[in-house]
Amino acid sequence: DSNDILDSNGNNTDNTEIIIVPDNAPSMQLLCGTITVWAFGVWFADVMGDSLVAEKAKYEQTQHRGTIQVLCYVVRGIGVAITAPISTYFVSYSSNGPQIIVTMTAIL
């Protein structure tokens, strides 16, 4: 109960941060729905990208078979290895929080 941490004057007694959600804030259902739609979009794009790479790999010469797929997975892995710490830094230490990551993703 939030009343347990307030004294008789309404002051915070245990130095915890009290967050007051604005009345016009989006609902949790909207947030969850948006994240679900985004996740399905990412999953769909990943599956389509993999199928295009697999289709292109059919036309590789026998001695080079699998080269395109390996290259794609290496580039994807390097991209994740670079962007994960950068996005973590921006979310943790930026005054805008995740907004900068969403903006950068939208631009790309």
Passing option when D50 is tested against D46, V53, V47 for side chain to side chain contact (heavy atoms under 4.5 Å, CB included):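 Exactly one pass, corresponding to D46.
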Side-chain heavy atoms nearer than 4.5 Å, only ILVMFWY residues, links allowed to pass through others: does that put [X] and [Y] together?
| X | Y | value |
| --- | --- | --- |
| V74 | I82 | yes |
| I86 | Y89 | yes |
| M28 | I35 | yes |

Do you know which two heavy atoms are closest between S87 and A84, and how far apart they sit?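 Closest heavy-atom pair between S87 and A84: OG-O, 3.0 Å.
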Non-hydrogen atoms of R65 and E60 that approach each other most closely: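 Answer, listing the atom of R65 first, then E60: NH2-O, 3.2 Å.
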Once you round to the nearest 0.5 Å, how far does [atom1] of [X] lie from [atom2] of [Y]?
| X | Y | atom1 | atom2 | result |
| --- | --- | --- | --- | --- |
| W43 | M48 | CH2 | CE | 11.0 Å |
| Q61 | T67 | CD | OG1 | 10.0 Å |
| I78 | T83 | CD1 | OG1 | 11.5 Å |

Within the side chain of Q69, is there an N or O that forms a donor-acceptor pair under 3.5 Å with the backbone of A57?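 Here the side-chain-to-backbone pair does not exist.
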